[in-house]
Trainee: 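Below is one structure. I have some questions about it.
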There are 2 protein chains.
Amino acid sequence: MSLRYAILAILTAAPLTGYETAKRFEGSVGHVWHAPDSQIYPELRRMEAEALVEGREERWGPKGTKTRYYITAAGEAAFRDWMATPLKYAPWRDVAHMQAAYFEWTDPESVRMHLEQHAAHYTEQIAQWSSQVQAIESHEHPMIAARLERYPAEQHERIVAFKAFAYEGLIRLAQAEVDWAHSGLELLERLDADVPAADAGD
Amino acid sequence: MSLRYAILAILTAAPLTGYETAKRFEGSVGHVWHAPDSQIYPELRRMEAEALVEGREERWGPKGTKTRYYITAAGEAAFRDWMATPLKYAPWRDVAHMQAAYFEWTDPESVRMHLEQHAAHYTEQIAQWSSQVQAIESHEHPMIAARLERYPAEQHERIVAFKAFAYEGLIRLAQAEVDWAHSGLELLERLDADVPAADAGD
DNA sequence: CGCCAATAGCTATGTACATAGTTATATGTG
DNA sequence: CACATATAACTATGTACATAGCTATTGGCG
């Protein structure tokens, strides 16, 4: 159900086609939410059925059409309601930490590979999210530009500040993951100095 | 598929019944993985069908029975294979950070409520995970005790160190979330000092 | 002895997500 | 003009997870 509010949220910036919405939720460019097409198109239709969005058909070239979705007053109200509703926190679940708990079941080279991969992954995330923050703060991010055009100037500071704040939180998490992986490499060195590779269970 | 390896992992400490396994994966007491019963029992059966575990029936009182699952040699091999396999990182997805990006759509009291709830949630997680670390390092954690009884002394340091390491990573993440929420409360104060509660879109 | 909670073993149902693929049209470039 | 990529709109299928509930037996406590 979070996808619904993520869609409503981006429609408060500007109306979008299904394809543009899917582009915003593509998992590879550092956005704050993700979803596959197979969730997005049906959800847009359900929201349209509930009058949270209104789809207006536009011409696209001489023979094509596209549907652009506008958030409705009911959609804004639903979004505001959700924005005032306490969140339900799911239990934490993370494969990398779970696997790390059992590193004694593999050789130090594999442990090193996992930790280096983990650091590399989150270093890349930091780069992606940092570039989002830069685009937000410079107002060059297209959704920011759209919002600043649409809403009165006295709201601009909050609009920009909260998006930067959200990404800064993600960057903090990613930095904690990088630091944790590095501390794991140090732990590995300490453990290797103690006992050479004697695997558990052998 | 991660559940399978989480189950194999805990069976390397000691054989468990389905119910005991489900207890280890209960979402409310700070473990490193979680799963509902509806996943655990079918997965145990699939793993038994694939000879990764062996279920042995035991008597339970005069009329009851229980099945205790033992990891097999094939199960250990599959677990080692997974422990040496690079992980696939899913795109990050987190409702609290997504919602924070749009805090301008609600009033400062709701923003404060969200941030305080976020800090409280992760403060509680830190307490739970810290108590896991204490139990691990004091060797009073039942799974640790089982492992130290089962495996040779030269492996004990690694067994303990890697589990503590995994939880320390989770604690770092939780601390980053608490710090982020606190920095959000500070941001909120700065924004409130600038402009009183003018909501976007009104 | 009765009652309640724990132990034990599940299933049904629905939602969220991953992956892969499809057809049609438009646009830009060489 | 031809070709490749982007835009546009999806669906099919399978896995992961959430929630709620079920029956049976044992054990502890008042």
Trainee: Among the nucleotides C:dC17, D:dA8, D:dT11, which one has an atom lying closest to any side-chain atom of A:Lys66?
Mentor: D:dA8

Trainee: Grab the CD-C1' distance between A:Glu26 and C:dC17 for me, whole Å please.
Mentor: 16 Å

Trainee: In whole angstrom, give the distance that lies between atom CZ of A:Arg24 and atom C1' of D:dA8.
Mentor: 14 Å

Trainee: If you look at every strand shown and take non-hydrogen atoms under 4.0 Å, does A:Thr17 touch a base, only sugar-phosphate, or nothing?
Mentor: sugar-phosphate

Trainee: What is the separation between atom CD1 on B:Ile40 and atom P on D:dA18, rounded to the nearest whole Å?
Mentor: 11 Å

Trainee: Taking only the side-chain nitrogens and oxygens of B:Gln39, find out if one of them lies under 4.0 Å from OP1 or OP2 of D:dA16.
Mentor: no

Trainee: May I ask you to evaluate whether B:Arg45 reaches the phosphate of C:dC10, defined as a side-chain N or O under 4.0 Å from OP1 or OP2?
Mentor: yes

Trainee: For residues A:Gln132 and A:His141, is any side-chain donor paired with an opposing acceptor at under 3.5 Å?
Mentor: yes

Trainee: Nearest whole angstrom, please: distance from the P of C:dC17 to the CD of A:Glu43.
Mentor: 10 Å

Trainee: Answer yes or no: are there more than 12 heavy-atom neighbours, outside A:Glu149 itself, under 6.0 Å from its atom CD?
Mentor: no

Trainee: State whether B:Lys88 places a side-chain N or O below 4.0 Å from either non-bridging phosphate oxygen (OP1 or OP2) of C:dT19.
Mentor: yes

Trainee: In whole Å, what is the span from the CG atom of A:Asp37 to the P atom of C:dT19?
Mentor: 13 Å

Trainee: How many whole angstroms separate atom CZ of B:Phe25 from atom C1' of D:dA16?
Mentor: 15 Å

Trainee: Would one find a side-chain N or O of B:Arg68 under 4.0 angstrom from OP1 or OP2 of C:dG9?
Mentor: no

Trainee: Over all strands shown, is B:Thr67 touching base, sugar-phosphate only, or nothing at heavy-atom distances under 4.0 angstrom?
Mentor: sugar-phosphate

Trainee: Out of C:dA18, C:dA8, C:dG9, which has the shortest distance to the side chain of B:Tyr41?
Mentor: C:dG9

Trainee: Heavy atoms, side chains only, cut-off 4.5 Å: are B:Glu104 and A:Lys163 in contact?
Mentor: yes

Trainee: Mapping A:Ser38 and A:Gly61 onto DNA chain C by nearest heavy atom, which one lands closer to the 5' end?
Mentor: A:Ser38

Trainee: With a 3.5 Å cut-off and no angle check, do the side chains of A:Glu26 and A:His31 form a donor-acceptor pair?
Mentor: no

Trainee: At under 4.0 Å, does any side-chain N or O of A:Arg93 touch on OP1 or OP2 of D:dA18?
Mentor: yes

Trainee: From D:dT11, C:dT25, C:dA8, pick the nucleotide closest to the side chain of A:Lys63?
Mentor: C:dT25

Trainee: Can you tell me if the side-chain N/O atoms of A:Tyr19 get under 4.0 Å from OP1 or OP2 in D:dA9?
Mentor: no

Trainee: Ignoring hydrogens and geometry beyond distance, is a side-chain donor-acceptor pair present between A:Gln39 and A:His34 at under 3.5 Å?
Mentor: no

Trainee: Rounded off to whole Å, could you give me the NZ-to-C1' distance for the A:Lys23 and D:dA6 pair?
Mentor: 8 Å

Trainee: What is the separation between atom CD on A:Glu20 and atom P on D:dA6, rounded to the nearest whole Å?
Mentor: 16 Å

